[in-house]
2 protein chains.
Amino acid sequence: MPSEVAVKESARAVRMSGDERREQILLAARHVFAEGGFAATTDEVARAAAISQPYVVRLFGSKRDLFVEVYRQAAGEVIEVLTAAAQEADPGEAMGRAYLELIEDRDLLRLLMHGFIASADEEVGRVARHCLGEAYRLFVASTGAEPDEARQFVAFGMLLNVLVAVDADAHRGEDAGMDALIDCVVLATRRAQA
Amino acid sequence: MPSEVAVKESARAVRMSGDERREQILLAARHVFAEGGFAATTDEVARAAAISQPYVVRLFGSKRDLFVEVYRQAAGEVIEVLTAAAQEADPGEAMGRAYLELIEDRDLLRLLMHGFIASADEEVGRVARHCLGEAYRLFVASTGAEPDEARQFVAFGMLLNVLVAVDADAHRGEDAGMDALIDCVVLATRRAQA
DNA sequence: GTCTATAGACAGATAGAC
DNA sequence: GTCTATCTGTCTATAGAC
């Protein structure tokens, strides 16, 4: 027989401060939206955060507002990390390394991708374009590289995003061309890190 | 006062053969899905094709089946065009040119992007990965280029896709970094075409 | 070949209790 | 701070008529 506390906890979420709860929901929403894009539901977010669906809406106003806040935060982190890397001794190498570390957070990257295409929403589109633009601008400004080199840096990032989005690694062996592409990309990233 | 014919046409779609109608719906659906991804509705498709929503479902079985067919067709066209280009005298240049022509069809590109991320559906994911893999494989096979060069070809394609998806060109002047990136990309494509 | 009517499911948001 | 109950709108899919 479950203890009285356990019963209470399963029916009703543990009480938190508003700020704690907001942070927790933002984290849960990042994962949920990363998987399903804007089409994911506030109910999924609520379940991931172990609270009720109306409470999610209550705290953020609307699903759209929640999505925009999650997206802003994610894009902000990317820009922040790249900005920090751009101030290191070898900015080009540091930015490459930084992006590879970012990409390990599959949720972050998939979320970014959703924003690139969910530009249906004007605000999301603005943030997405700014994030892309900053990656390019930072590379040029910090390394003094030619435009073409910076362009290749960003392009490689987009390739990595797409490979993460289509879950390429988990489907090795299904398509010869894709396998070869992954091999080449893996080699290129190893070279960059060496 | 509208003629009797006009009244009839506004209430009831012009009769077509099944094949004609299927083609027309596929075209309409390509546009609708390119805009809204899988979240777009069968009702939007129906309005775009000027027929009733249940008829769309009737002809394709389900919205998911329609989406998959639209996506297969789009990916097939891309592979077909790239394959043809790969058989020309200067395959590297021809494939670049071919992709630039493809990209002028905004619907096609946005649809592809949606598939890259709508890989939630297993079949769509498979098609998306194959399309990417083929672009890489064809480039290597036809030009004999080093893997890295082919990788850069595909990466540049992904960058173009994303720029189309975020509607970068229509938002010039809003973000300095993005403006510089667009300029650089435009120059690079001009160089490739010269 | 195409429609109207509608069933059935679900999601986002609101109201109000505790 | 958090929930339950519920309204309202929307969407896919089916049934059956023409």
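Letters A, B, ... are given to chains in the order of the sequence lines, protein chains preceding strands, and every chain is numbered from 1.
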For the pair made of [atom1] in [X] and [atom2] in [N], what is the distance, rounded to whole Å?
X	N	atom1	atom2	result
Leu66(B)	dC11(D)	CG	P	16 Å
Phe60(B)	dG1(C)	CZ	P	12 Å
Arg47(B)	dT2(C)	CZ	P	19 Å
Leu59(B)	dT14(D)	CG	C1'	15 Å
Arg15(B)	dC3(C)	CZ	C1'	11 Å
Tyr55(B)	dA5(C)	OH	P	19 Å

Non-neighbouring partners of Glu23(B) that pass side-chain contact (heavy atoms from CB on, under 4.5 Å), sequence neighbours left out: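 side-chain contact (heavy atoms from CB on, under 4.5 Å) list for Glu23(B), sorted by chain: Leu26(B).
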Short N-O contact, Arg72(A) and Glu69(A), less than 4.0 angstrom: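 No salt bridge links Arg72(A) with Glu69(A).
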Interface residues of residues 16-23 of chain A with DNA chain D (non-hydrogen, below 4.0 angstrom):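 Correct list: Met16(A), Ser17(A), Gly18(A), Arg21(A).
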Salt bridge (Lys or Arg N to Asp or Glu O under 4.0 Å) pairs, two or more places apart, involving residues 74-83 of chain A: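 Listed by first then second residue: Arg30(A)-Glu77(A).
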Residue pairs, two or more places apart or on separate chains, that pass side chain to side chain donor-acceptor pair (under 3.5 Å) and touch residues 50-60 of chain A: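 Qualifying pairs: Thr42(A)-Gln53(A).
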Name every donor-acceptor pair, under 3.5 Å, that has one atom in a side chain of residues 150-164 of chain B and the other anywhere in the protein, sequence neighbours excluded.
| from | atom 1 | to | atom 2 | distance (Å) |
| --- | --- | --- | --- | --- |
| Arg151(B) | NH1 | Asp148(B) | OD1 | 2.9 |
| Asn161(B) | OD1 | Tyr99(B) | OH | 2.7 |
| Asn161(B) | ND2 | Tyr99(B) | OH | 3.3 |

ring-ring contact (aromatic ring centres under 6.0 Å, His included) partners of Phe38(B), counting only residues at least two apart: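 Partners of Phe38(B) by the ring-ring contact (aromatic ring centres under 6.0 Å, His included) criterion, ordered by chain and then number, come out as Phe67(B).
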By salt bridge (Lys or Arg N to Asp or Glu O under 4.0 Å) - contacts of Glu134(A) (at least two apart):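 Applying salt bridge (Lys or Arg N to Asp or Glu O under 4.0 Å) to Glu134(A) gives Arg137(A).
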With sequence neighbours excluded, residues passing salt bridge (Lys or Arg N to Asp or Glu O under 4.0 Å) with Arg172(A): Asp169(A), Asp183(A)
Name the pairs: protein N/O against N/O of nucleotides 10-14 of chain C, kept only if under 3.5 Å.
| from | atom 1 | to | atom 2 | distance (Å) |
| --- | --- | --- | --- | --- |
| dG12(C) | OP1 | Lys63(A) | NZ | 2.7 |
| dG12(C) | OP2 | Thr42(A) | N | 2.9 |
| dG12(C) | OP2 | Thr42(A) | OG1 | 2.9 |
| dA13(C) | OP2 | Lys63(A) | N | 2.9 |
| dA13(C) | N7 | Gln53(A) | NE2 | 3.0 |
| dA13(C) | N6 | Gln53(A) | OE1 | 3.0 |

